[in-house]
Novice: 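Before I ask anything, let me first share the structure, which is written out below as structure tokens.
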There are 2 protein chains.
Amino acid sequence: MKQETRKDEIINTAAKLFKEKGYSAVTMRDLATAMGIKAASLYNHINSKQDILKAIIISIAEEFTNGMETIIQSQDSSISKLKSVVTLHVNITANNTNGMASLNNDWMHLEDQLNYYLQLRNDYEANFLNIIKEGVSSLEIKDSNPEIIMFSMLTTLRSLYLWIPKKEDLKSNDLADNLSEVLIEGINK
Amino acid sequence: MKQETRKDEIINTAAKLFKEKGYSAVTMRDLATAMGIKAASLYNHINSKQDILKAIIISIAEEFTNGMETIIQSQDSSISKLKSVVTLHVNITANNTNGMASLNNDWMHLEDQLNYYLQLRNDYEANFLNIIKEGVSSLEIKDSNPEIIMFSMLTTLRSLYLWIPKKEDLKSNDLADNLSEVLIEGINK
DNA sequence: AAACGAAACTAACAATTGTTAGTTTGTTGT
DNA sequence: ACAACAAACTAACAATTGTTAGTTTCGTTT
């Protein structure tokens, strides 16, 4: 663990506030109050409000990109790859619940980095969809509409940030296993 | 179809803008420009920005409450009830895609009506969970964690507003059927 | 023609926004 | 004791916010 700088504290506090009210509704004075300082003091550590959002979102988006890269390069079966994707989401979300809220809800308020973010997201979804299509080809996965399958899985995974904090008792591994079971095997007996 | 009043036009336009940038980031001047008038003119038709949000969210929330009421009073099997819930979400979302975005993302900016909204949502989720638990009891549904099942289904259904506009070709009935299949039967062959 | 009402307008307001400039405080290493 | 530096402060700014007051426009009804 690297030691947390004052800048990191600000970014983490901001992520928490952004989760509660969204980027636009959080003022620099709100953030300063939460830090126990005055708004102007924040600028000793950060360049702008926008820079905070950028720091929160882009780092997580790149984590997903890197994780997906590893998964598609593996020689696992499609089902096994999908389970890895579930684990990837559970792990990243468990490590940065608040940041995931910004990624999900405030990405459209990115300015300079918006196109870069969208490119990462599009690539990620294309890779996700490919895993499913390969699974259909290799007869591992039912021949349903692959986009519906991806949509269903991805939206569930994207909403984990809302759910993980309520279930602290449930270990990450257990959650990933249970989720994989529900998403892949279904619920019908 | 009742004929659309000017007030309705404003509310619908607002819902569209709220979907794109969120309630807090949309100004009354943005809304006025989208309507082709000046900001002050909006107040001939609505009382406040907050009232617009209220009008969007509460009516949809009550639609869900009423729909759920009908479902739990039926004598259908648990699986059949779940399929009805899927259909309920698909229909309401298809009818008011933009409003669903506000319901999902901007409910926390409700002021006077926040507690009422939260009560409706809690009751809805409790009913949803009960259907699943009854299905487990009656051996219709696998004995997985019922909360994980609900979480997975509900977050997928809540995200439909993002997805339906992209798939105009897919008919509502087909979408509901496909989604039920994926959510209930799983994807594993 | 007169009156009415719906719906737009101009002009302004008080409050809040993100941010900057310049200054003070307190700790740390020499 | 002193210099250096990180990190806080006060005070202010220009722009933007939701909203109000009062007025004008114009088609419909009397």
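We use all heavy atoms of the structure for the numbers below, so side chains are in, but hydrogens, waters and symmetry mates are not. Convention: sequence-line order gives letters A, B, ...; per-chain numbering from 1.
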Novice: May I ask you to list the residues of residues 18-35 of chain B, by number, that have any heavy atom positioned under 4.0 Å from an atom of DNA chain C?
Specialist: B:Arg29

Novice: Is a donor from one side chain sitting under 3.5 angstrom from an acceptor on the other, for A:Glu140 and A:Ser78?
Specialist: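 There is such a pair (donor and acceptor under 3.5 Å, judged by atom type) between the side chains of A:Glu140 and A:Ser78.
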
Novice: Can you give one letter per nucleotide of nucleotides 4-9 of chain D, 5' to 3': B if a protein heavy atom sits under 4.0 Å from the base, S if only from the sugar-phosphate, - if neither?
Specialist: ---BBB

Novice: Between A:His89 and A:Ala176 (side chain of the first, backbone of the second, donor and acceptor by atom type, cut-off under 3.5 Å), is there such a pair?
Specialist: no

Novice: For B:Tyr43 and D:dA21, give me the distance from atom OH to atom C1', rounded to whole Å.
Specialist: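 The distance from OH of B:Tyr43 to C1' of D:dA21 comes to 14 Å, rounded to the nearest Å.
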
Novice: Between P on C:dT20 and NZ on A:Lys49, what's the gap in Å once rounded to a whole number?
Specialist: 15 Å

Novice: Can you label the angle between the B:Phe64 ring and the B:Tyr124 ring as parallel, tilted or perpendicular, going by 30° and 60°?
Specialist: perpendicular

Novice: Cation-pi between A:Lys49 and A:Tyr23: NZ/CZ under 6.0 Å from ring centre and within 45° of the ring axis?
Specialist: yes

Novice: Decide whether B:Asn12 and B:Glu4 meet the rule of one side-chain donor and one side-chain acceptor closer than 3.5 Å.
Specialist: yes

Novice: Does the side chain of A:Ser41 come under 3.5 Å of the side chain of A:Asn44 through a donor N or O and an acceptor N or O?
Specialist: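 Not at all, the side chains of A:Ser41 and A:Asn44 share no donor-acceptor pair under 3.5 Å.
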
Novice: What residues in residues 107-115 of chain B put a non-hydrogen atom under 4.0 Å from any atom of DNA chain C?
Specialist: none

Novice: Measure the distance from CD1 on B:Ile52 to C1' on D:dG18 and round it to the nearest whole Å.
Specialist: 11 Å

Novice: Distance only, no hydrogens: is a donor on one side chain within 3.5 Å (strictly under) of an acceptor on the other, for A:Asp8 and A:Thr5?
Specialist: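 Checked: A:Asp8/A:Thr5 side chains pair up, N/O donor to acceptor below 3.5 Å.
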
Novice: Between B:Thr155 and A:Thr155, is any side-chain donor less than 3.5 angstrom from a side-chain acceptor?
Specialist: no

Novice: Please assess A:Leu103 against A:Asn96 for the test side-chain contact (heavy atoms from CB on, under 4.5 Å), listing each intermediate value before the final yes or no.
Specialist: CA-CA 11 Å; A:Leu103 182 102; A:Asn96 196 350; over 6 Å; no

Novice: Strictly by modelled atom types, are A:Gln50 and A:Ser48 linked by a side-chain donor-acceptor pair under 3.5 Å?
Specialist: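 There is no such pair between these side chains.
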
